[in-house]
Amino acid sequence: MKLSGFQVMKRLIILVKPLMPIMLVAIMMGVLGFICAIGIPIVAMHGLLCISSISMTHILIILVVLALLRGVLHYIEQACNHYIAFKLLAIIRDHVYTALRRLAPAKLDGKDKGDLISLITNDIELLEVFYAHTISPCMIAIIMAIILLSLFAYMNIYAMIIAFIAYFTMGIVIPYIVSMMGSDIGQQNRDAIGHMSSFLLETYRGLTTLFQYHLGDKRKADMLYLSDDIDDLALKMKNIEGYQNIASQILISLSVCIMFIVMFIQYQNGSTGVYEVIMCSVLMASSFGPFTALSQLSNNLLSTISSGRRVIAILDEEELIHEVKDQDVTLFNDIQVNHVDFKYDNEMILNDIDITLPKGKTTGIIGKSGSGKSTLLKLLMRFYDPVKGYICIDETDIKKINTTDMRDMFAYVTQETVLFHDTIENNLKIAKLDATHEDIVSACQKASIHDFIMSLPKGYQSNVSELGASLSGGERQRLGLARAFLSDKPCILLDEPTSNLDVLNEAIILHSLEKETDKTIILVSHRSSTMKIADQIISMDQGRVS
């Protein structure tokens with residue numbers, strides 16, 4: 001269900017609670033600052049009308065002091081607001097990263113990665129407008145409205161009514177109309193920017209393919225189309241902002257004119273004096289600052305609320321796999337897969353899988369592509385849960401094993417090894433942060449990658465480019481295997497571990513795996529040559545064990 005703008009703001013405001021003292025200081029400084037700003041024309045008018053016993057010199061000093069105070073108080077207000085904003089942005093980022101970790105990998109498999117990047121960067125950054133320029137201005141406007149309406153009421157009740165209607169229109173009616181006009185446009189704009197991020201990420205990753213098939217011009221045309229769409233939405237939002245500015249300026253002019261006319265009629269009727277006519281008109285003209293600031297926020301809030309809605313959607317999304325904690329420790333033992341069914345959406349992937357994977361043995365799982373081999377490994381890692389049946393380790397359902405304990409049982413090598421833009425050594429130490437250099441070298445020798453690494457100018461300190469693009473598929477695969485050897489986990493899950501390797505390197509790695517006699521190895525492959533080290537072989541066909 002799509003959250004309303006009010007619901008989004010309510011959720012965002014809750015996060016301010018720990019920083020409330022600083023927020024109160026910002027509000028107080030803002031109120032005092034506007035009092036100083038409004039006080040300047042009021043004091044000046046007193047001096048011009050010569051209705052004060054204070055000398056002109058003293059009035060000039062008061063005006064200078066008020067002007068300086070206005071600047072200082074405004075600075076303190078903005079400093080407090082921005083401190084709150086940047087502090088809360090850090091907190092929100094932490095919440096989002098925690099949510100992504102909670103949702104991974106099942107709920108993130110189908111997510112648009114570029115859109116997620118846009119959310120983590122642009123959308124969260126846009127919330128700065130809300131925290132730095134929305135909450136305190138709203139509270140300042142409310143407090144200033146009470147103070148100003150009290151002054152108007154003291155001078156003339158009709159003046160108070162005119163001021164109330166003007167302030168209400170400026171601070172509530174105009175922002176509401178602008179919000180209604182642009183809410184869908186703001187959401188479309190944020191979605192379009194997220195889509196553009198995804199498009200650019202895909203384009204960058206697929207440059208070689210685009211060049212090979214001469215698709216650069218088409219991709220460029222598509223990019224320009226997306227850019228034009230974002231520009232059109234931005235233009236619509238600017239047009240709405242223009243309408244809001246015009247309406248605000250017209251309202252200010254009309255309010256001052258109406259105030260003067262009504263007060264002048266009151267003066268002619270003998271209901272009020274010249275002082276009240278002049279002061280109410282001056283006060284009306286000079287008091288719109290807090291409400292103009294509030295009104296001008298409405299257009300910026302179109303994108304901000306849309307960004308907040310996208311962030312909250314991630315925070316509220318329910319994970320498929322709930323983390324298990326505070327259970328008794330389960331030691332690794334035989335794995336039983338008991339009559340397991342699994343499907344993606346409505347497509348059945350595994351059907352009544354019933355096998356045992358004995359501890360300390362090598363089990364080979366062979367089958368054609370799409371037979372469910374890789375999916376079975378993901379179920380063992382509990383990236384997903386079966387729709388029917390259950391998986392046990394040492395006769396304990398993995399749904400009842402502490403998540404951290406269960407993941408510590410497995411070293412999982414996927415078909416695509418993920419490498420980070422860092423040194424080779426640091427990429428390997430992901431598997432074991434406290435590993436010594438000797439441990440890393442030993443693991444790489446087992447994975448038949450040590451000689452290649454030593455051939456590089458900086459050896460293990462050589463940098464890997466983003467996503468490992470500077471390495472071949474076979475080199476990335478062997479680094480993934482080295483991670484598995486380095487982790488020293490009791491069970492190694494290997495998904496097509498030799499698919500990108502030549503016969504010689506495959507033989508070296510299989511020989512290394514044979515030596516891991518204290519490990520349980522589950523080896524998935526469509527190559528029959530890889531199965532020669534297996535103690536038992538399970539054949540899968542169309543989601544069934546054959």
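Using bins of under 30°, 30° to 60° and over 60° for the plane-to-plane angle, the ring pair Tyr344/Phe342 lands in the perpendicular bin. The aromatic rings of Tyr412 and Phe383 sit tilted relative to each other, their planes meeting at an angle between 30° and 60°.
Ion pairing between Glu506 and Lys532 fails under the 4.0 Å rule for side-chain N and carboxylate O. Using a cutoff of 4.0 Å between basic side-chain nitrogens and carboxylate oxygens, Asp488 and Lys519 are scored as salt-bridged. Salt bridge status for Asp316 with Arg11: present, with a side-chain N to carboxylate O gap under 4.0 Å. Under a 4.0 Å N-O distance rule, the pair Arg310/Asp123 qualifies as a salt bridge. For the pair Lys236 and Asp232, the salt-bridge criterion is not met [side-chain N within less than 4.0 Å of a carboxylate O].
Considering only heavy atoms from C-beta on, Met381 stays 4.5 Å or farther from Met409 through its side chain. A heavy-atom distance below 4.5 Å is found between the side chains of Lys432 and Asp434. The closest side-chain heavy-atom distance from Ile538 to Ile366 is not below 4.5 Å. Looking at heavy atoms from C-beta onward, Ile335 lies out of side-chain contact with Thr356 at the 4.5 angstrom threshold. Put simply, the side chain of Ser227 does not reach to within 4.5 Å of the side chain of Tyr225, judged on heavy atoms. Side-chain contact check for Asn426 versus Phe420: every heavy-atom pair is 4.5 Å or farther apart. Put simply, the side chain of Arg102 does not reach to within 4.5 Å of the side chain of Tyr97, judged on heavy atoms. Residues Lys446 and Arg478 form no side-chain contact, since every pair of their non-hydrogen atoms from C-beta on lies 4.5 Å or further apart.
Gln461 and Glu425 are linked by a side-chain donor-acceptor pair at a separation below 3.5 angstrom, with hydrogens and angles left out of the test. A donor-acceptor contact closer than 3.5 angstrom links the side chains of Ser374 and Asp495. For the residue pair Ser472 and Glu475, a side-chain donor N or O sits within less than 3.5 Å of a side-chain acceptor on the partner. Side chain to side chain, Ser371 and Asp541 fail the donor-acceptor criterion of an N or O pair below 3.5 Å. Asn463 and Thr423 form no side-chain donor-acceptor contact under 3.5 Å, judged by distance and modelled atom types alone. Between Gln536 and Thr363, the side chains place a donor N or O and an acceptor N or O closer than 3.5 Å (distance only, hydrogens not considered). For the residue pair Thr436 / Asp439, a side-chain donor-acceptor distance below 3.5 Å is found, with atom types taken as modelled.
Remark: the backbone N or O of Glu438 is not paired with any side-chain donor or acceptor of Ser442 at under 3.5 angstrom. Between the side chain of Asp535 and the backbone N or O of Thr362, at least one donor-acceptor pair lies under 3.5 Å. A donor-acceptor pair under 3.5 Å links the side-chain atoms of Gln477 to the main chain of Glu496, judged by distance alone. When atom types are taken as modelled, the side chain of Thr403 and the backbone of Val324 share a donor-acceptor pair closer than 3.5 angstrom. With hydrogens and angles ignored, the 3.5 Å screen pairs a side-chain donor or acceptor of Asp397 with a backbone N or O of Lys399. Looking at His421, its side chain does come within 3.5 Å of a backbone N or O of Val464 through a donor-acceptor pair. In terms of modelled atom types and a separation under 3.5 Å, the side chain of Asp502 and the main chain of Leu504 share a donor-acceptor contact. In this structure, the side chain of Asn402 engages the main chain of Gln327 through a donor-acceptor pair within 3.5 Å. For the pair Ser197 (side chain) and Ile193 (backbone), a donor-acceptor distance under 3.5 Å is present. Side chain of Ser462 to main chain of Gly459: a donor-acceptor pair is present (N/O by atom type, distance under 3.5 Å, no hydrogens or angles).
For Glu323, the CD atom sits in a packed shell: over 12 heavy atoms of surrounding residues, nucleotides or ligands are nearer than 6.0 Å. Enclosure of atom CZ in Arg407 by more than 12 non-hydrogen atoms of other residues, nucleotides or ligands within 6.0 angstrom is indicated. The number of heavy atoms from other shown groups lying within 6.0 Å of CG (Asp217) does not exceed 12. Shown here is Glu318, whose CD atom has more than 12 heavy atoms of other residues, nucleotides or ligands within 6.0 Å. At most 12 heavy atoms of other shown residues, nucleotides or ligands fall within 6.0 angstrom of atom OH in Tyr390. For Asp328, the CG atom is loosely surrounded, since the number of other residues' heavy atoms within 6.0 Å does not exceed 12. Heavy atoms of other residues, nucleotides or ligands lying less than 6.0 angstrom from CD of Gln212 number more than 12. Residue His322 qualifies as enclosed at atom NE2: its count of foreign heavy atoms under 6.0 Å is above 12.
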(request) For the pair His133 and Asn81, evaluate side-chain contact (heavy atoms from CB on, under 4.5 Å) and give the outcome as yes or no after the intermediate values. (result) CA-CA 7 Å; His133 306 290; Asn81 283 331; over 6 Å; no
(request) Assess whether side-chain contact (heavy atoms from CB on, under 4.5 Å) is satisfied between Ile120 and Leu100, documenting all intermediate values. (result) CA-CA 10 Å; Ile120 294 169; Leu100 293 176; 3.6 Å; yes
(message) Would Leu357 and Asp334 count as a side-chain contact (heavy atoms from CB on, under 4.5 Å) here? Give the steps.
(response) CA-CA 6 Å; Leu357 308 170; Asp334 294 349; over 6 Å; no
(message) Working note: Ile522 + Leu494, criterion side-chain contact (heavy atoms from CB on, under 4.5 Å); need CA distance, chi angles, decisive distance, verdict.
(response) CA-CA 6 Å; Ile522 301 170; Leu494 302 171; over 6 Å; no
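Between Cys444 and Ile453 the shortest heavy-atom distance is SG-CD1, 3.8 Å. Nearest heavy-atom pair, Phe130 versus Met9, reported as atom, atom and distance to 0.1 Å: CE1-CG, 3.5 Å. Nearest heavy-atom pair, Thr134 versus Val129, reported as atom, atom and distance to 0.1 Å: OG1-O, 3.1 Å. Minimum heavy-atom separation, Ile124 to Leu89: O-CD2, 3.1 Å. Taking every heavy atom of both residues into account, Arg483 and Asn427 meet most closely at NE-O, 2.9 Å. Scanning both residues, Met23 and Val16, for their nearest heavy atoms gives CE-CG1, 3.8 Å.
Between the CG atom of Leu88 and the OH atom of Tyr83 there is a distance of 9.5 Å, given to the nearest 0.5 Å. Summarising the geometry, atom NE2 belonging to His95 is positioned 11.5 Å from atom CD1 belonging to Ile312; distances are rounded to the nearest 0.5 Å. Separation of atoms CD1 (Ile391) and CG (Leu376) is listed at 6.5 Å; rounding is to 0.5 Å. Note that CG of Leu523 is 6.5 Å distant from OG of Ser525, once rounded to the nearest 0.5 Å. In this structure, NZ in Lys373 is found 11.0 Å from CG in Leu350, a value given to the nearest 0.5 Å. Distance check, rounded to the nearest 0.5 Å: OG of Ser512 to CG of Leu481 gives 9.5 Å.
Qualifying salt bridge (charged side-chain N to carboxylate O under 4.0 Å, His left out) partners for Asp354, counting only residues two or more places apart in sequence or in other chains: none. In this structure, Arg476 has no side chain to side chain donor-acceptor pair (under 3.5 Å) partners at least two apart in sequence or on a different chain.
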